[in-house]
Structure formats: structure tokens, C-alpha cells
Amino acid sequence: MSAADLLLVVMVGGLTAYALLAGADFGGGIWDLLARGRDATDQRRLISAALGPVWEANHVWLIFVLVALFSGFSEAFGIIGSTLEVPLLIALVGIVLRGSAYVYRAYGGGAAGPDHWWGHVFAAASTVTPFALGVTGAALATGDLAPGAPWRPLTNPFGLVCGLFAVTVTAFLAAVYLCRDAAAASSTAHLVPGLRRRALAGALASGAWAAALLPLLRTHAPVVADRFADRSIPFAVASALGGVAALMLLWRRRFGAARVAAGLAVAGVLWGWAAAQYPDLIVGHSTVTSAAAPEANLAALLVAIGLGMLVVLPSMVLLFRLFSRPDPYHEPDPAGDGH
Amino acid sequence: MVLAAGAAGAADLARVQTAFSLAFHICFAVFGVGLPWLLLYTEGRWVRTGDPGWLALTKKWSRAFAVLFAVGAVSGTVLSFEFGLLWPAFMARYGGVLGLSFTLEGFAFFAEAIFLGMYLYGWQRLSARAHWLTLWPIAIAGTLSTVFIITANAWMNVPGHIREVDGTVVSAEPLAPFLSPAAPAQVVHMLLAALMCTGGVVAGVYAIGLLRGRRDLYHLRGLRVGLAAVLVCAPLQLVSGDLAARVVGSRQPLKLAAMEGLFRTRSGAPLTIGGFYDDATGRVRYGIELPKLLSLLEGFHTDHRITGLDAAPPTDRPNVLLVHSAFTLMVGLGTVLIAFAALVALVMARRHRRGERPLLPTGRPWLAAAAATGPAAMLAMLAGWEVTEGGRQPWIVYGRMRVADAVTSSPGVGWTLAGTIILYLGLAAAVILILRRMATGGPGPGHAVGPDLPTAPPPALGPDVPPDRLAPVAPGTLAGSDTRVAADLSADAAAPAGSEPAVPAGGGTRR
């Protein structure tokens with residue numbers, strides 16, 4: 001395996017972490033948007049408390065993948081930057097508004113407009129971002145992009161379905177994760193049935209989208225579709241098994257295990273896509289060999305990533321462990337200031 | 001920067017967009033670098049002494065930090081995308097060279113975000129000491145991320161250690177950005193600037209509070225910590241700035257010429273302070289010219305030969321009016337800050353001799369000057385970046401790639417720019433409103449509510465500590481009269497660490 005291939009594996013790993021962690025944060029925003037009825041306020045509070053300590057760290061996975069892309073495969077980054085402006089800008093606006101609105105709501109105390117306005121901004125931005133990122137990813141598989149045609153990715157049916165698929169999947173992940181959070185404390189236990197229904201619906205909807213995507217993949221991304229049939233069946237099977245297992249575990253209220261199964265279902269899709277994409281980075285435009293930086297730079301990059309992960313991964317485990325149990329003292333309060 | 005580009009309109013717009021996004025980001029990023037160091041001090045004092053006054057400051061700043069860091073983080077994300085969106089040719093060619101810097105910066109950002117999560121939300125889950133300890137990785141990572149990012153910028157200014165054939169990088173030393181001769185001075189200059197901006201803004205907030213009559217220990221401490229940061233760094237900044245200018249003089253002579261408004265290459269070059277550079281005549285109007293001083297400063301000899309703008313054709317020169325003006329502004333503000341630091345030091349020494357307390361002068365003119373240090377430091381920092389980036393023009397990578405060759409051919413740059421400006425101005429307005437609310441709220445009514453305090457007493461406190469030391473402070477109790485503040489501060493200064501008296505209870509008015 002060459003240094004470039006190894007870097008790609010690391011990048012897909014980073015992308016998986018982004019999808020499973022930050023994806024769920026976006027999904028939390030989607031459920032914030034869809035929160036209705038008697039429990040809406042409690043639901044929003046639960047979502048906000050779950051996001052608070054981790055969303056910024058989760059977000060950095062995107063930076064990680066992006067930096068690895070432009071450091072290791074700068075040609076591809078250049079092409080993406082000059083052809084996928086529109087979906088990327090939409091994602092960026094979403095990222096900026098999501099993060100800002102979250103802290104404005106948590107810490108603003110109404111100083112910059114009512115908190116619930118920022119709540120709506122947060123929720124809407126959380127929905128738009130995964131959609132735009134899904135469209136972007138799809139364009140890499142179809143190769144349906146060209147300089148000077150910035151709107152093209154948004155007119156590709158496969159891309160649009162991928163965008164919706166991404167939104168559905170993030171919502172599914174969030175609902176599964178939140179089930180466990182809600183079940184962990186008596187003060188939020190009443191939210192579990194609603195979240196469980198959402199998680200089950202999300203699992204079914206994600207499965208349905210995935211089934212709809214396969215024929216579209218054949219018509220719109222034939223290159224990737226061929227390789228998918230050759231290489232990606234094990235990943236697809238793993239994903240399907242994960243999905244079914246998640247459904248069953250949710251049904252039996254085994255929320256901790258359901259998290260793992262749901263993660264497997266989503267990771268399977270990503271790895272299946274990545275395997276089928278190889279060696280193309282952008283089908284028809286850029287390949288691993290055409291885009292790779294000089295070998296010495298890639299080796300240095302890998303060493304730096306290895307050392308960096310030695311610091312970051314244990315820290316991240318510490319972060320998640322610290323916040324995995326419910327707050328020992330009082331209801332989640334993002335500001336930590338009792339008001 | 002708008003005026004500088006003579007090339008295509010797209011390049012102009014893309015430069016404005018980059019400049020605007022960078023300026024926006026850096027106004028937040030400096031706090032990500034500076035505030036953790038200040039918090040280490042204030043929370044450290046609280047952990048050692050159990051004094052709720054230090055806890056109140058810490059809590060207030062950590063809330064502001066949460067907002068500033070989040071906006072800094074998302075606007076930084078925008079930047080990393082913008083490199084590709086606006087300058088695809090630049091990234092396609094040099095992305096690999098800058099890779100190590102950006103990768104390491106990514107990890108520093110990672111560490112900062114992870115531990116910030118623990119810090120902001122871990123008040124109830126961590127012991128006081130463990131909570132304080134999470135600040136260390138935040139502070140170190142924030143500082144390192146500056147180091148890594150600045151090496152990338154330094155390489156764009158003084159590139160080297162790569163081999164190119166026909167516009168393709170065929171080999172690059174992985175450490176190229178770190179080996180750029182511009183890196184050390186630029187890194188130190190920016191780190192000091194970040195500390196100065198943070199300290200100045202913090203000092204400004206509390207100076208304004210004191211000016212408005214909230215003459216209590218809480219405000220005095222806030223002022224003291226912030227002012228210490230900005231005023232101690234100011235003279236050091238002079239040294240690092242001098243080093244940086246020397247590198248510029250030897251490696252980017254045209255940038256130095258633009259900074260100084262020097263048209264003709266000559267020995268015995270004068271130093272021109274202020275004024276406006278006139279492109280038509282190659283002279284600085286209304287500037288103060290000090291004969292031979294530039295040669296003396298750069299080469300330690302009045303005969304030292306300084307390259308002027310005439311060494312390059314007009315298309316290869318930066319916009320001198322802009323760069324010279326920005327440089328003048330930066331140096332001017334820096335000089336004023338150093339003078340203020342010297343004055344404060346003098347007065348403090350005199351008060352110390354006379355046994356007066358508090359040492360820090362707190363008369364209205366002093367407070368007004370302290371309040372101005374924040375805007376002054378921020379403005380100087382932005383002007384400094386204009387010098388660095390504007391002075392590099394027309395190159396994106398000095399001597400290797402022109403800005404005009406790097407820019408995107410995408411048609412929608414104007415729309416993107418308009419959208420960015422509207423979005424960012426809106427976000428900035430909201431941040432200002434929120435921070436203003438925080439700043440005028442005093443120590444905060446809820447800062448000492450039951451579950452908010454760590455359950456365990458701070459480690460320095462043994463079982464024999466009087467219970468009132470740990471008691472929550474009722475709103476308003478931090479407000480004392482001037483004499484009480486003075487008494488406390490004198491004790492503060494005289495007593496060894498750890499024995500600082502608790503903030504006097506009672507009295508004062510609720511803010």
C-alpha cells in the first residue's frame with residue numbers, strides 16, 4: 001500500500017468519524033426543527049445538552065479531512081473548489097450559522113434577539129448542511145461537474161437524493177444516540193418513547209433511501225456502480241446487517257447496543273462508497289496518482305497524523321467518558337451558570 | 001487591499017473576500033490564543049485561595065470565551081474552504097507544501113476544542129484542580145495553532161525548500177514552512193499581538209466598568225489582569241517587530257520599501273513617519289522625514305543601501321499608499337501603547353515607594369487610556385496583517401505565483417462576497433450585543449448558585465478553613481468602597497500567595 005493509499009484510508013476513517021459524530025449533531029438540529037407538542041421544550045433541551053460539550057470537537061473531523069485532502073491531493077481540492085462552489089458555500093453558511101446560533105442561544109440570554117429565533121436558525125442550518133455535503137459527495141462519484149457551471153451539482157437527481165439521504169441518516173443517528181441519553185436520567189426518561197419512534201422511523205427511511213439510491217447509482221455514476229458490484233458487497237451487507245440490528249435493538253430498548261449497530265450501518269455505506277470510488281477521487285477528473293503530493297510530503301503528513309492522533313484520540317475518549325453519564329447535579333444547562 | 005490589485009476584477013473581489021474573512025476570523029481567534037492564559041491565572045488564583053472573586057472573573061470570561069471560540073472556529077472553517085474556493089490554482093500547486101502546517105494546526109484545533117468542551121461543561125463533573133488543569137491543553141494548543149498557521153503564512157512570504165519544474169512542485173521538504181526565514185519573527189510577533197489584543201479588550205471592559213462607577217475589587221482585578229497582559233507585551237512587541245522588519249528588509253525588500261514609502265534605491269535612506277504616499281511622484285506627502293535613520297536601523301550604518309520601489313517595474317509593486325499607511329498606523333499605535341506601559345510602570349514604582357495602594361493608578365484619565373488599549377491593540381493587529389499581506393502583492397507566493405494566476409474563474413465571486421459581508425456583519429452585531437450584556441452584568445447573579453460551585457473545596461483549603469470562605473457570594477457583595485478595595489489590594493500585594501483575604505462581604509450596590 002502506497003503512502004497515498006494509506007492517507008486515503010485515514011481520510012475515509014476521518015470522514016466516518018465526522019459522519020457518526022458530527023452527523024449526529026446535525027441530526028440533533030433536525031429533531032430540534034421538528035420538535036412539536038408538549039415535550040418540545042424538553043426535547044430541545046436534551047438535544048442542546050447532548051451537543052454542548054462535544055459539537056466543536058466533532059466538527060474538527062471535517063477540518064481534518066479537508067486539510068488532508070488539500071495537503072495530500074491538492075489537485076483534487078483545486079477542482080472541487082472551482083466546480084462545487086454552490087453546495088460547498090451552502091454547507092459553509094450552514095456550518096457558520098449552526099455554530100454561531102448554538103452559542104448565541106446557549107449564552108446570549110436574549111441579548112441578540114430571542115433565544116428561540118437562534119434556536120430556529122440553529123435547527124434550519126443543521127438540516128441544510130448535511131444536505132449540501134451529501135450533494136458534494138455525490139458529485140465526486142458522478143463526476144458531473146465543470147468549471148463555470150456552479151449550479152450543476154444541484155440539478156443532478158442522484159446528487160439531490162444523496163443530499164436527502166444524508167439528512168435522513170444524520171437524523172436517524174441522532175435519534176438513536178438521544179434514546180440512550182434520555183433513558184440515562186429519570187428527568188428525561190419521558191422523552192424516550194418519542195425518540196424511539198423517531199429512531200425506528202429514521203432507520204426505515206434511511207433503508208428506503210439506500211434502496212432507491214442503488215438504481216440511481218447505476219444510471220448516474222456507472223463507473224462507481226461497476227466497482228461497487230465488484231468490491232463493495234461486503235460493506236453493503238455489513239451496512240444492511242447493522243441497520244436491521246439497530247431496528248431490533250431499538251425495538252427491544254437496548255439503546256447502547258443500538259448505537260453501535262446504527263454506526264455500523266452508516267459506516268458500511270461510507271466504506272462501500274469509498275471502495276467503489278477508488279482510485280478515482282473525482283470520477284473523470286482526478287485520481288489518486290494524478291493528485292498525490294510528492295511521496296516525502298505524504299510520508300511526513302502520515303507521521304504528523306499518527307502523532308496527532310496519539311494526542312487527540314485519548315483526549316476524545318476522555319471527553320466522551322466525562323459526559324457519557326448524566327449530569328450529577330441538575331438539569332442540563334449549557335451555560336453552567338444556573339440561569 | 002481592494003485598491004491594490006491591478007489585475008482582473010475577479011481577483012479584486014476574491015482578495016476583498018479573503019481579507020474580510022481573515023480579518024473577521026482573527027478578531028475572534030486572538031481570544032482563543034490569549035484568553036486561556038488569562039483564565040489559567042484567574043482560575044489558578046481561585047483554586048489556590050478559594051476567593052470567590054477570582055471564580056466570578058473566571059466564570060464570566062469562560063462564558064465570553066465560549067462564544068468567541070465558537071465564532072472563531074466556524075469562521076476558521078470558512079477560511080480553509082475559501083483557500084480552495086477562491087484560490088484553487090494556488091491550493092492545487094502548493095497545498096502539499098503547506099500540508100504539514102495545516103495538518104498540525106488541525107490537531108491543535110482538535111485538542112483545543114476537546115478540552116474546551118471539558119472546561120466549559122465540566123464545572124460539576126471535575127474537581128476544581130482537574131478543571132483548572134484542562135486549561136493547560138487549551139492554552140498550549142491555542143498557542144501552537146497560531147505557530148502552525150503563521151508558518152504557512154511565513155512560507156507564502158518567504159518561500160523556499162521546494163523544487164518546481166514548469167509550474168509543478170516536483171519535490172518539497174516536508175518542513176518547508178517551518179524553515180521559512182520569516183517564520184520565527186512572524187510567529188512571535190503574532191503571539192504577542194494575540195496576548196495584547198486579549199489583554200487590552202479585557203482591560204477595556206473593566207476600565208469602562210470602573211469609569212461607570214463600579215469601583216469594586218471585581219472590576220479592579222479584571223483591569224489589572226488585562227492591563228498586565230497588554231502592557232508587558234507592548235515593549236516585547238517592539239523587539240519582535242524589529243526582528244520581523246529585518247527579515248522583510250533582507251527577503252522582501254519591496255515590501256520594506258512599501259512600508260517605508262521609499263521610492264529611490266539609495267544609501268543613507270531616511271525614515272519617513274506618517275504621511276501619504278503619492279504614486280505619481282513617488283514621494284510621501286505630509287510625512288516626517290528623519291534623515292538616514294532607515295539605513296541606520298536596517299544596516300546599523302547610515303551608508304547601508306536600501307532597495308527602493310524603483311527596483312521593480314510598477315506591476316510588481318505593492319500598493320504603497322495602503323501598506324505605508326497601515327504600517328504607520330501599526331507602529332504609531334504600538335508606540336503609544338509602549339509609552340502608556342512606561343508611564344504606568346513609573347507611576348506604579350512611585351506609588352510603591354510611597355506605600356500607596358492600589359499600585360495601579362485608577363484616576364479617570366488612566367482608566368480612559370486603559371479602555372483604549374483594547375481597540376488600539378486590535379487595530380494595530382489588523383493593520384499589521386495589512387502590511388504583511390498587502391506588502392506581498394502582487395504575489396500570493398512571493399516571487400513564485402501571482403495572485404492573478406491563483407484566483408478562481410468562477411463567475412459568482414461578487415455574490416459570494418456580498419453574502420459573506422452581510423452574514424458576518426450580522427453575526428458580529430449579535431456577538432457584540434451578547435458580549436455587552438455579559439460585560440454589563442457584573443459578576444453575574446447566578447455565578448455562585450449551589451450546584452455551580454464544585455462540590456469539593458479547592459485543594460488549597462484544608463478542613464480548618466472558615467465556612468464563609470466557601471459560602472456562595474450573594475449578588476453585590478463584591479462591590480466595596482474604594483477604601484475597602486485599596487485595603488484589600490494592599491494586602492493582596494503584601495501577603496504571600498495563598499493567603500489573600502476573602503472579598504469583604506456586605507455593602508456595595510447591586511449592579
Side-chain angles (χ1 to χ4, degrees), chain A residues 52-54 56-57 59-60 62-64 66-68 70-72 74-75 77-82 85 88-89 92-93 95-96 99-100 102-104 107-109 111-113 147-148 150 293-294 296-297 300-301 304-305 308 311-312 315-316 319 322-323 327-330 335-339, chain B residues 59 63 66-67 70-71 73-75 77-78 80-81 83-85 88-89 91-93 95-96 99-100 102-104 106-107 109-111 113-118 120-125 169-172 174 408-412 416 423 427 430 433-434 436-437 444-447 449 451-452:
Chain A
V54 294
E56 285 182 292
H59 165 73
V60 186
L62 178 66
I63 314 266
F64 170 76
L66 188 76
V67 168
F70 78 55
S71 311
S74 19
E75 178 199 75
F77 187 64
I79 295 171
I80 290 170
S82 49
E85 306 100 308
L88 285 179
L89 283 171
L92 273 183
V93 171
I95 286 168
V96 168
S100 312
Y102 180 82
V103 285
Y104 291 179
Y107 295 92
N297 293 64
L301 209 59
I305 290 174
V311 176
V312 159
S315 312
M316 202 159 254
L319 175 75
L322 187 63
F323 293 99
D327 193 312
Y329 292 101
H330 64 157
D337 251 11
H339 64 89
Chain B
K59 286 230 156 179
R63 291 168 61 84
V67 175
V71 180
V74 292
S75 60
T77 308
V78 171
S80 44
F81 276 93
F83 291 136
L85 291 170
M91 286 318 289
R93 192 152 130 197
L100 195 63
F102 279 103
T103 304
L104 290 173
F107 279 109
F109 179 27
F110 237 140
I114 291 170
F115 285 95
L116 187 70
M118 296 186 206
L120 291 177
Y121 292 83
W123 286 99
Q124 289 94 347
R125 292 165 191 261
V169 179
V170 291
S171 73
T408 178
S409 55
S410 175
T416 319
L423 177 65
L427 291 178
L433 288 172
I434 289 169
R436 246 194 58 192
R437 165 77 58 87
H447 80 276
V449 170
D452 229 9

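Model, not experiment: these values are computed from the prediction. Labels below follow one simple rule: chain letters A, B, ... track the order of the sequence lines, proteins then strands, and each chain is numbered from 1.
Looking only at heavy-atom pairs under 4.5 Å with chain A, the residue among B/Ala89, B/Gly95, B/Ser80 that has the most is B/Gly95. When each of B/Gly106, B/Ala113, B/Ala73 is checked for heavy-atom pairs under 4.5 Å with chain A, B/Ala113 comes out on top. Contact tally against chain B (heavy-atom pairs below 4.5 Å) for A/Leu88, A/Val312, A/Val93: the top residue is A/Val312. Chain A forms the most heavy-atom pairs under 4.5 Å with one residue out of B/Leu427, B/Val67, B/Thr408, and that residue is B/Leu427. Ranked by non-hydrogen atom pairs under 4.5 Å with chain B, the options A/Val54, A/Ile95, A/Leu66 are led by A/Leu66. Counting heavy-atom pairs closer than 4.5 Å to chain A, the top-ranked of the candidates B/Ser75, B/Gly122, B/Pro88, B/Ala111 is B/Pro88. Each of B/Val71, B/Val78, B/Ile114 has some count of heavy-atom pairs under 4.5 Å with chain A, and the biggest count is that of B/Ile114.
Summarising the geometry of A/Leu322 relative to B/Arg125, their closest heavy-atom pair is O-NH1, 3.0 Å, with the distance given to 0.1 Å. Minimum interatomic distance between A/Gly99 and B/Ala70 (heavy atoms only, all atoms of both residues): O-CB, 4.5 Å. Minimum interatomic distance between B/Thr103 and A/Ser71 (heavy atoms only, all atoms of both residues): OG1-OG, 3.8 Å. Summarising the geometry of B/Pro174 relative to A/Ala300, their closest heavy-atom pair is CB-CB, 3.2 Å, with the distance given to 0.1 Å. Considering every non-hydrogen atom in both B/Tyr121 and A/Phe323, the closest pair reads O-CE2, 3.3 Å.
Looking at A/Phe64, only its side chain comes within 4.5 Å of chain B, counting heavy atoms on both sides. Both the backbone and the side chain of A/Ala304 come within contact range of chain B, each with at least one heavy atom under 4.5 Å from a heavy atom of that chain. The contact between B/Leu85 and chain A is made by backbone and side chain atoms together, counting heavy-atom distances below 4.5 Å. Both the backbone and the side chain of B/Ala66 come within less than 4.5 Å of a heavy atom in chain A. Contacts of A/Glu85 with chain B are made by both backbone and side-chain atoms, with heavy-atom separations under 4.5 Å. Both the backbone and the side chain of B/Leu100 come within contact range of chain A, each with at least one heavy atom under 4.5 Å from a heavy atom of that chain. Heavy-atom distances place both the backbone and the side chain of A/Pro53 under 4.5 Å from chain B.
Using a 4.5 Å heavy-atom cutoff, the side chains of A/Leu319 and B/Phe115 are not in contact. Here the side chains of A/Tyr107 and B/Leu120 are in contact, with some heavy-atom distance below 4.5 Å. When side chains are defined from C-beta on, B/Ile434 does not count as touching A/Val103, because their heavy atoms never get closer than 4.5 Å.
Rounded to the nearest 0.5 angstrom, A/Ile63 CD1 and B/Phe107 CZ are separated by 12.5 Å. Atoms CE and CZ, on B/Met91 and A/Phe77 in that order, are 5.5 Å from each other to the nearest 0.5 Å. Atoms NE2 and CZ, from A/His59 and B/Phe110 in turn, are 10.0 Å apart once rounded to the nearest 0.5 Å.
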Full working for side-chain contact (heavy atoms from CB on, under 4.5 Å) between B/Phe81 and A/Leu62: CA-CA 11 Å; B/Phe81 276 93; A/Leu62 178 66; 4.0 Å; yes
